[in-house]
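Whatever order the structure lists them in is the order used to number ligands and atoms, beginning at 1. Just so we're clear, the structure is a prediction, and the values are computed from it rather than from any experiment.
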Amino acid sequence: MQEPPRLADAESYQGEAVPIPNGPSALLVYLDSAARRLTTPWQICMIRAELLRNCSLPEGAILDPACGAGLQVSALANALKKDVLAIELNQERAEMAAANLAQISTWLGNEDAGSVVIGDGTNSDSIIKLFETKKQISLFYFDPARPSGSTTHELSEMRPLLNEVLDAWKNHLNETDNGPAIVLDLSPRLSELRRSQVEELIEERWPKIAKTWQWASRGSGRIDRLSLWLGAAADSQNERRFIRIPPSIHSEPLILGSGEHSFSNPTEDRTFPRKGEVLTMLDSALVSSGMASSWLETVLQEGDEFQWQNITGRRPIITHREPLSFEHPLDSKLIQASGRIASLTRLPLEIEHLNNFVEKAIDAGIGKLTLRVSIDPDLQPVIQRELDIRLRRSNGAKTGFITRASEGDHLLLCVDE
Ligand SMILES: C[S@@+](CC[C@H](N)C(=O)[O-])C[C@H]1O[C@@H](n2cnc3c(N)ncnc32)[C@H](O)[C@@H]1O
């Protein structure tokens, strides 16, 4: 038999406070090892809060029906100056969340005006009855538990289940002309198929609701967070958003928006890279978000055009005529490398042919050449070391890289721009 829901008491949590992950070191919160693994880094909590500050949200409380240690809901409620209704199945973690809500509210100089409930997030009727005045919801924020080793990322793996939690709270959500405000924090590995399944669940309940998919990355080509922003929380201008999270918590993120995902297929009708063109290797997280084309329009020089050479894998590549021009400090973090093609060769990257590459590099004034191409992982460090040794004597002032635009193509020697 399921226990009836009850309010969690912040005083009951007895753990030791620790500096909040990825946030100001003076802000202390309560986390055990399991909660630390599940929790949203503070920098991301605050970036999301800032994005929501620009939305016109309905009145009411921030609902988090699976709040974990409560960091995200506490950030949202404090930044948006709203009441909290947070629910957590695990008693100890719910008490931890209540203690965190109090800590974070005090730190941000706000009254602690929220409630954490120990209970099942789908049990809305009994939870609502705990309060004297009827709770109405401004924003539904949901970050379900997921099995850690999942490879399929099926919606049936979420706890609580997305469809059940939506049905439980649907009638409690206040709405604006744009519908309710909903943010779903999903697995960053969700495939296109799973994404469309999520959209279907939403559209069954709110047909025609505005949607913004948001990819967030800390770099190295990895998508760290994938979320879906709906209704009053969506960005009406953009169906997709890409956020490059800055390395420092004191810097601003780079936020890119784009209407629709459009790629020209790089394998059909591709013109092969030519000597003198600029080759740019893009951040693969940006490319998988589908937003590379619209970002490129902002950094290509006037009159220049680009061609996709490769959109898949760890090294998506374009070619163009002129160097890219960056305005935002994080623009340069959206490329892995960019260089002018100095020569093309059919020779394989093997020790016996290495002098050929070294001579071409010296001719191009290169003193340091980096391998940016897939080769046998045992051979890679050997070849890289040999190139370093042989080029050290050249005194070339420039740097460059070796890559291949697409499987089966020539190898390209590029001088860094
Ligand atoms: C990914 S964590 C949430 C992390 C949180 N957003 C944060 O920033 O710390 C998901 C939580 O959902 C809880 N949970 C799982 N099933 C639940 C249910 N039916 N009702 C309420 N909470 C549930 C888990 O115990 C877990 O703590």
Side-chain angles (χ1 to χ4, degrees), residues 1-8 13 15 17-23 27-49 52 62-79 84-104 114-128 130 139-150 153 155-169 182-190 216 224-229:
M1 247 266 302
Q2 200 180 66
E3 277 194 46
R6 60 197 194 282
L7 288 175
Y13 190 73
V18 293
I20 196 161
N22 217 238
L27 172 54
L28 301 181
V29 291
Y30 302 98
L31 287 171
D32 58 17
S33 58
R36 183 180 280 275
R37 205 166 24 79
L38 296 170
T39 202
T40 313
W42 185 246
Q43 186 185 21
I44 294 178
C45 293
M46 292 310 283
I47 290 174
R48 288 175 172 163
L52 285 165
I62 311 278
L63 168 70
D64 184 342
C67 74
L71 301 193
Q72 178 67 83
V73 73
S74 303
L76 295 177
N78 276 288
V84 167
L85 175 54
I87 305 149
E88 170 57 51
L89 199 56
N90 176 301
Q91 177 178 342
E92 191 185 355
R93 201 170 298 154
E95 286 162 355
M96 191 189 291
N100 284 334
L101 179 59
Q103 287 284 105
I104 291 169
S115 314
V116 180
V117 173
I118 308 166
D120 184 329
T122 60
N123 201 356
S124 53
D125 291 340
S126 319
I127 290 169
I128 288 286
L130 291 173
L139 170 77
F140 176 101
Y141 167 78
F142 183 48
D143 175 15
R146 295 168 276 252
S148 58
S150 170
H153 302 273
L155 306 200
S156 60
E157 294 173 342
M158 294 181 183
R159 290 293 176 277
L161 287 169
L162 178 58
N163 57 334
E164 289 187 1
V165 87
L166 289 174
D167 286 338
W169 292 99
I182 300 175
V183 176
L184 306 179
D185 198 346
L186 299 164
S187 161
R189 305 252 185 86
L190 224 57
D224 293 282
R225 300 269 153 180
L226 174 66
S227 48
L228 178 58
W229 301 55

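Heavy-atom contacts of G119 reach the following atoms of ligand 1: 20 (N), 21 (C) (cutoff under 4.0 Å). Counting atoms of ligand 1 from 1 in the listed order, those under 4.0 Å from a heavy atom of P65 are 20 (N), 21 (C), 22 (N). Counting atoms of ligand 1 from 1 in the listed order, those under 4.0 Å from a heavy atom of A69 are 9 (O). Annotation for ligand 1: atoms under 4.0 Å from non-hydrogen atoms of Q72 are 8 (O). Close approach of ligand 1 to G70 (heavy-atom distance below 4.0 Å) involves ligand atoms 9 (O).
When A66, A75, A34 are checked for heavy-atom proximity to atom 3 (C) of ligand 1, A66 turns out nearest.
Not a single heavy atom of A35 sits less than 4.0 Å from an atom of ligand 1.
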- Message: Let's go through V117 and L7 carefully: what are the C-alpha distance in whole Å and the side-chain angles of both, what is the deciding distance for side-chain contact (heavy atoms from CB on, under 4.5 Å) to 0.1 Å, and is it a yes or a no?
- Response: CA-CA 4 Å; V117 173; L7 288 175; 3.9 Å; yes
- Query: What's the verdict on side-chain contact (heavy atoms from CB on, under 4.5 Å) for V183 and L139, showing C-alpha distance, side-chain angles and the deciding distance?
  - Reply: CA-CA 8 Å; V183 176; L139 170 77; 4.0 Å; yes
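Of the polar atoms of L38, none of the N or O atoms is found under 3.5 Å from an N or O of ligand 1, judged by distance alone. In terms of polar-atom proximity, G121 is counted as a contact of ligand 1, with an N or O under 3.5 Å from an N or O of the ligand. At under 3.5 Å, not a single nitrogen or oxygen of D64, backbone or side chain, sits near a nitrogen or oxygen of ligand 1. Between N90 and ligand 1, no pair of N/O atoms sits closer than 3.5 Å.
Here the side chain of N100 pairs no donor or acceptor atom with the backbone of V29 at under 3.5 angstrom. Judged purely by atom type and a 3.5 angstrom limit, Q103 uses its side chain to pair as donor or acceptor with the backbone of L28. Listed for the E88 side chain is a donor-acceptor partner under 3.5 Å among the backbone atoms of G68. The backbone N or O of G121 lies less than 3.5 Å from a partner atom in the side chain of W169, making a donor-acceptor pair.
The proximity of C45 to ligand 1, defined as any non-hydrogen pair under 4.0 Å, does not occur for either the backbone or the side chain.
Tested against N163, the residues L161, L166, V165 include a single side-chain contact (heavy atoms from CB on, under 4.5 Å) partner, L161.
Using a 4.5 Å cut-off on side-chain heavy atoms (C-beta onward), F142 and L63 make no contact. Inter-residue side-chain proximity for E164 and M158 is flagged as unmet; no heavy-atom pair is nearer than 4.5 Å.
Of all protein heavy atoms, the one lying nearest to atom 9 (O) of ligand 1 is T39 OG1, 2.8 Å. In terms of protein heavy atoms, atom 15 (C) of ligand 1 is closest to R159 O, 3.5 Å. Shortest contact from atom 10 (C) of ligand 1 to any protein heavy atom: D143 O, 3.3 Å. For atom 23 (C) of ligand 1, the nearest protein heavy atom (residue, atom name, distance) is L89 CB, 3.7 Å. Nearest protein neighbour of atom 13 (C) of ligand 1, counting heavy atoms only, is E88 OE1, 3.3 Å. Looking from atom 27 (O) of ligand 1 to the surrounding protein, the closest heavy atom is R93 NH1, 2.6 Å. Scanning all protein heavy atoms for the shortest distance to atom 8 (O) of ligand 1 gives T40 OG1, 3.0 Å. The nearest protein atom to atom 19 (N) of ligand 1, hydrogens excluded, is given as D120 OD1, 3.2 Å; this is a heavy-atom distance.
A donor-acceptor pair shorter than 3.5 Å can be found between the side chains of E157 and S150.
Across A35 and L31, no two heavy atoms sit closer than the pair CB-CD2, 4.0 Å. Y30 approaches A69 most closely through the heavy-atom pair O-CB, 4.4 Å.
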